[in-house]
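Proteins come first, then strands; the chains are lettered A, B, ... in the order of their sequence lines, and each starts at number 1.
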Amino acid sequence: MLKGLLLAAGAFCAFVPLHVTVFHLVAPQRRFGAMVRLHAALALALTAAYVATPPDVWVLPAGWAGAGWLIDVANGLLVHSLLFVGYSMFYFLVDRGFSARILIEIERVPDRALSPEGVARMYSLDQVVERRLDEMLDLGSLIKEGDRYRITPRGRREARLFASMKSFFRMGPGG
Amino acid sequence: MRGLLAAALTFLVFLGIQLAVFHFVAVRRKLYVMLWLWLGGYLAYATVFRLLPGDEAWLAPLLSAPTHAVIWVNGAVVYWFLFAGYYQLFNMADNSVGVRSLIELSRGPSRGMTLEDLKQHYSFDLMLGRRMERLVTAGYLERDGARYRCTGKGLVAARLLGRLKRLLNLGPGG
């Protein structure tokens with residue numbers, strides 16, 4: 001199992017600098033899509049590296065390299081994907097975190113204090129919502145007709161799923 | 001396979017208990033309760049791992065790995081990631097502005113809604129106020145009359161997040 005794990009760790013170590021480089025050099029329009037493609041390319045590279053390297057990857061002690069190749073490579077790909085999911089959580093927090101943006105705006109003013117109205121003046125709440133609605137336009141959950149947003153069948157299914165989660169977990173309207 | 005199976009079974013146990021607790025009890029500190037349930041899950045993980053037979057007893061060589069510490073740790077890490085992924089979904093359902101907007105749009109007229117229509121059902125001021133109060137509870141902001149002031153912890157977090165945004169070339173975002 002350790003060979004797959006080592007290769008998964010190696011692929012993730014390659015992912016982070018590649019992600020930073022791509023975002024600086026290319027600045028992709030659909031950022032998360034670019035991240036998913038990079039992750040998929042590295043998953044292929046991981047599989048190729050698994051085939052091309054010896055069972056001990058030149059470093060593993062003899063007793064640690066005895067796993068069946070199928071479970072080893074599947075486990076490596078699983079861990080690689082789970083690392084990507086974890087990294088995505090971090091990425092969304094940095095990129096889209098509304099609370100993070102509030103903190104940054106307050107930290108920028110000279111006395112580091114703002115009222116909610118002050119935050120809203122520096123960071124339009126309409127923009128917060130519009131940005132999210134535009135992302136849902138890209139995903140096909142909404143369509144825009146003039147200045148009206150209309151829900152698609154896909155969006156309705158997603159809304160139903162989340163509404164039932166909110167109701168089951170007694171979350172209240174939230175948001 | 002033994003570690004992965006133990007992780008999957010433990011996650012199912014965690015999910016069942018979390019569903020029951022959050023359905024029957026109005027939990028206020030959701031992350032805190034979920035973290036405790038997840039931590040408790042490691043006892044279940046250790047038990048399930050111990051009860052499962054070794055791979056070589058029931059699996060083809062292609063799918064089997066000899067049992068040692070790495071297998072145990074691998075399963076424990078997978079259990080953590082399953083929890084983290086699930087928490088992301090749970091948090092999205094609870095707090096996401098996009099999800100709330102989508103639900104309001106699904107309940108609105110079939111011709112759709114403008115941003116102004118949406119505001120009638122989903123107060124943007126409340127959305128902001130709720131987050132600022134949560135930041136106070138978490139110790140990132142403190143109240144100063146009608147204003148909210150960054151605490152030391154808030155300043156560190158704001159600067160770190162600002163640097164990460166620049167590192168990833170993300171723009172102001174939010």
Between chain B and each of A/A159, A/A113, A/G68, count heavy-atom pairs under 4.5 Å; write down the option with the most. A/A113
Quick check on A/R160 against chain B: is it the side chain, the backbone, both or neither that has a heavy atom closer than 4.5 Å? neither
Heavy-atom pairs under 4.5 Å with chain B - which of A/S99, A/A163, A/G175 has more of them than the others? A/G175
From CZ (B/F49) to OH (B/Y42), nearest 0.5 Å: 13.0 Å
Residue selection (most heavy-atom pairs with chain B, distance under 4.5 Å) from A/D111, A/V128, A/L78: A/D111
Honestly, the part of A/I102 sitting under 4.5 Å from a heavy atom of chain B is side chain
Would you kindly check if the NZ (Lys) or CZ (Arg) of B/R131 is within the cone defined by 45 degrees around the ring axis of A/F98 and under 6.0 Å from the six-membered ring centre? no
Does this structure show an ion pair linking A/E105 with A/R101, if we count only N-O contacts that are shorter than 4.0 Å? yes
Spacing of CD belonging to A/E145 relative to CZ belonging to B/R111, to within rounding of 0.5 Å: 11.5 Å
Going by the angle between their ring planes, with limits at 30° and 60°, are A/F15 and A/Y87 parallel, tilted or perpendicular? perpendicular
Ring centroids only, cut at 6.0 angstrom: are A/H80 and A/F84 within range, meaning strictly under it? no
Toward chain B, the part of A/R112 with a non-hydrogen atom under 4.5 Å: both
Among B/W36, B/Y45, B/F11, B/W38, exactly one meets ring pair (Phe, Tyr, Trp, His ring centres under 6.0 Å) together with B/F83. Which residue is that? B/W38
I'd like to verify something: which residue of A/M165, A/E158, A/R108, A/R170 has the highest number of heavy-atom pairs under 4.5 Å with chain B? A/R170
Closest-packed option against chain B by number of heavy-atom pairs under 4.5 Å, given A/V94, A/I151, A/L142, A/V85: A/V94
Which one wins on heavy-atom pair count under 4.5 Å against chain A: B/S110, B/G129, B/A157? B/S110
Please flag which part of A/R132 lies under 4.5 Å from any non-hydrogen atom of chain B: side chain, backbone, both or neither. side chain
Who among A/V79, A/L5, A/L133, A/N75 has the most heavy-atom pairs with chain B under 4.5 Å? A/N75
